[in-house]
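Reminder, nothing fancy here: chain letters follow the sequence lines and each chain counts from 1.
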There are 2 protein chains.
Amino acid sequence: MFKLYSKGCEYALRALTCAAVLNENGRFQAKDVCAEAGIPESFSRKTFQALAQAGFLKALRGPGGGYMLMRPMDKITLLDVIHAVEGDDTFDNCVLGLPMCGSKQPCPLHITWKSVKTELLTQLKQQTLQDLADLAPRPKGPRRKGSPRPPQKRQ
Amino acid sequence: MFKLYSKGCEYALRALTCAAVLNENGRFQAKDVCAEAGIPESFSRKTFQALAQAGFLKALRGPGGGYMLMRPMDKITLLDVIHAVEGDDTFDNCVLGLPMCGSKQPCPLHITWKSVKTELLTQLKQQTLQDLADLAPRPKGPRRKGSPRPPQKRQ
DNA sequence: CAATTATTGGACATAAATGTCCACTGCTTC
DNA sequence: GAAGCAGTGGACATTTATGTCCAATAATTG
C-alpha cells in the first residue's frame with residue numbers, strides 16, 4: 001500500500017494542474033476546477049482551505065469569487081504543495097517506524113532510505129506547478145464561453 | 001501521509017531483521033520475534049501467514065514449531081518481502097491516480113516519478129534481510145537460555 | 001438593506017487500514 | 001489416543017482516511 005501522499009494532496013495537484021487551463025490569470029473556482037479535474041468537490045474543498053491557510057491560495061468570497069494563486073505557478077514547487085497539505089514532516093518519519101531512529105541511531109534502512117529520499121526531494125523541489133500544467137493535455141476547444149459571470153471590481 | 005508500505009510490511013521487516021538474532025539457523029516463533037521486535041503479535045501473525053504463502057517462510061506446527069526461512073537471509077531482498085506482503089503492483093499505480101496514465105499517455109508526474117522509482121527499486125533489490133540484520137543493534141547478552149523446549153526430531 | 005454567490009468550518013457518514021479474539025487444524029510427545 | 005503446542009483463518013473491534021452535508025460568514029450586486 002505505497003502512497004507518496006494522501007488523496008487530498010493528489011487532488012490538490014490534479015486541481016492546480018488544470019487550474020491554469022481554466023483561467024489564464026491564476027483565478028479559478030472550486031466547483032469548476034473539481035469538475036475539470038474529475039475529483040470529488042466536497043472533499044477537495046478541504047484541501048483548498050489548507051492551501052489557502054498555507055498562503056499559496058487566496059480565497060475570494062462572494063459573486064465572481066474563487067481562489068487566486070498567490071505566486072506564479074512556476075514559483076510553486078510540488079514539494080510546496082505537498083508540505084502545505086501533508087505537513088512539513090511527511091518524509092521525516094523512520095521507514096521502519098522506530099521512534100529512536102536518527103542519524104545517531106540509524107535503523108537498518110536509514111541510509112538506504114535517506115539516499116532515495118534525497119533524490120525524491122530534489123525532484124519534487126525542481127518540478128513546479130507550471131511544469132505540471134505544461135505537460136497536462138490541452139483542452140480541445142474553449143472550455144467555457146468566458147467567465148460565467150465576469151467580475152467587475154476585482155482583479 | 002507518505003507511506004512506503006503498510007504496517008504489516010513494516011512489522012515483517014522488523015521481525016525478520018531480529019529473527020536472525022533469536023536463532024542462528026533461521027528458525028523462530030511468532031511470539032518470540034514479535035516480543036523482540038516490539039510489534040503487535042496478533043496482527044503480525046497475519047503477515048507471517050502471507051510470507052509463508054509466498055514461500056519465504058515455512059510454517060511448522062506443533063511443539064517446537066514456528067517458522068523457518070526457506071532461503072538464506074542474504075538471498076531475500078527487501079523488495080521480495082514488500083512484494084510478498086503488499087502484492088507485486090504496489091509501486092505500479094499512477095502517483096496522480098489517473099487510470100489512463102502509462103508510457104503512452106503519461107501524467108505530468110510520470111517521468112519524474114519513474115526516475116525516482118527506479119532508484120528506489122534498485123536499492124530495495126540490492127538490500128537483503130542479511131544486510132538489515134547486520135545493521136541491527138546486537139543484543140547485549142544471551143536473549144534466552146536455549147530454546148524454551150528444544151526440538152528433537154526437527155531440523 | 002435584501003438577495004445572491006462562494007468560501008468556511010464543523011458535524012456527520014462511509015470505507016479502508018489496523019488490531020484483537022477464538023475455535024480449529026496439524027504436529028509432536030508421551 | 002490423549003494432551004498440549006504453534007500456526008490458520010474467519011469474525012469482530014477500533015482507528016484512521018476519505019467523503020458528504022449544511023448552517024454560517026463574507027463579499028458583490030441591485
Side-chain angles (χ1 to χ4, degrees), chain A residues 1-12 14-15 22-23 27-35 38-54 56-68 85-87 90 93 97 147-155, chain B residues 1-12 14-15 19 22-23 27-35 38-54 56-68 85-87 90 97 147-155:
Chain A
M1 230 218 10
F2 165 84
K3 284 175 58 155
L4 189 50
Y5 36 60
S6 69
K7 276 290 172 189
C9 192
E10 174 189 315
Y11 294 156
R14 284 171 62 178
L22 285 177
N23 199 324
R27 290 272 300 276
F28 62 87
Q29 288 187 3
K31 187 181 53 146
D32 298 332
V33 87
C34 287
I39 59 180
E41 183 184 333
S42 303
F43 184 65
S44 303
R45 280 179 180 278
K46 303 294 185 182
T47 305
F48 294 151
Q49 292 180 23
L51 286 172
Q53 286 166 353
F56 292 101
L57 293 179
K58 182 175 177 61
L60 303 169
R61 296 187 177 190
Y67 292 99
M68 186 167 58
V85 177
E86 310 282 31
T90 341
N93 293 333
S147 296
R149 189 173 169 187
Q152 300 184 323
K153 281 195 183 171
R154 287 200 209 267
Q155 147 77 273
Chain B
M1 228 217 14
F2 164 84
K3 283 173 58 150
L4 189 51
Y5 34 61
S6 69
K7 277 290 172 189
C9 192
E10 175 190 313
Y11 293 156
R14 284 172 61 177
L22 286 176
N23 200 323
R27 290 271 298 279
F28 62 89
Q29 288 187 2
K31 187 181 53 146
D32 298 331
V33 87
C34 288
I39 58 180
E41 182 183 333
S42 303
F43 184 65
S44 303
R45 279 179 180 277
K46 303 293 184 183
T47 306
F48 294 152
Q49 292 181 25
L51 286 173
Q53 286 167 354
F56 292 101
L57 293 179
K58 181 175 178 62
L60 304 170
R61 296 187 177 189
Y67 292 102
M68 187 168 55
V85 177
E86 310 282 32
T90 341
S147 295
R149 188 172 168 188
Q152 301 185 325
K153 282 196 179 172
R154 286 198 208 267
Q155 144 77 271

- Rounded to the nearest 0.5 Å, how far apart are OG1 of A:T90 and CG of A:L4? 9.5 Å
- Note on the structure: Residue set satisfying salt bridge (charged side-chain N to carboxylate O under 4.0 Å, His left out) with A:E41, at least two apart, ordered chain then number -> A:R45
- Message: Could you tell me how far apart B:M68 (CE) and C:dC27 (P) are, to the nearest whole angstrom?
- Response: 13 Å
- Atom CG of A:D32 and atom P of C:dA6: how far apart are they, to the nearest Å? 8 Å
- Message: Using the side-chain hydrogen bond (donor to acceptor under 3.5 Å, both in side chains) criterion, which residues pair with B:S6? Sequence neighbours excluded.
- Response: B:E86
- Atom OG of A:S44 and atom NZ of A:K31: how far apart are they, to the nearest 0.5 Å? 15.0 Å
- Query: Could one point to a donor on the side chain of B:Q49 or the base of D:dG7 with an acceptor on the other under 3.5 Å away?
  - Reply: no
- Nearest-angstrom distance from the residue atom CD of B:Q29 to C1' of C:dC27: 13 Å
Just the atom pairs and distances: protein N or O near nucleotides 1-3 of chain D's N or O, under 3.5 Å.
none

- Considering residues at least two apart in sequence or located in another chain, which fulfil the salt bridge (charged side-chain N to carboxylate O under 4.0 Å, His left out) criterion with A:K3? none
- Task: Identify whether any heavy atom of A:F48 sits under 4.0 Å from a base atom; if not, whether one sits that close to sugar-phosphate; answer base, sugar-phosphate or nothing.
- Result: nothing
- What's the spacing between A:R14 CZ and A:C34 SG if we round to 0.5 Å? 10.5 Å
- Message: Under 4.0 Å, counting only non-hydrogen atoms across every strand here, what does A:Q53 touch: a base, just sugar-phosphate, or nothing?
- Response: sugar-phosphate
- Interatomic distance, B:K31 NZ vs D:dA6 C1' [rounded to whole Å]: 10 Å
- Task: Can you check each nucleotide of nucleotides 14-26 of chain C against protein heavy atoms at under 4.0 Å and return B for base, S for sugar-phosphate only, - for none, in 5' to 3' order?
- Result: ---SSBB----BB
- Who are the ring pair (Phe, Tyr, Trp, His ring centres under 6.0 Å) partners of B:Y67, not counting sequence neighbours? B:F28, B:F48
- How many angstroms lie between OG1 in A:T47 and CD in A:E10, if you round to the nearest 0.5 Å? 10.5 Å
- Task: Ignoring backbone atoms, test whether A:R45 places a side-chain nitrogen or oxygen under 4.0 Å from the OP1 or OP2 oxygen of C:dT8.
- Result: no
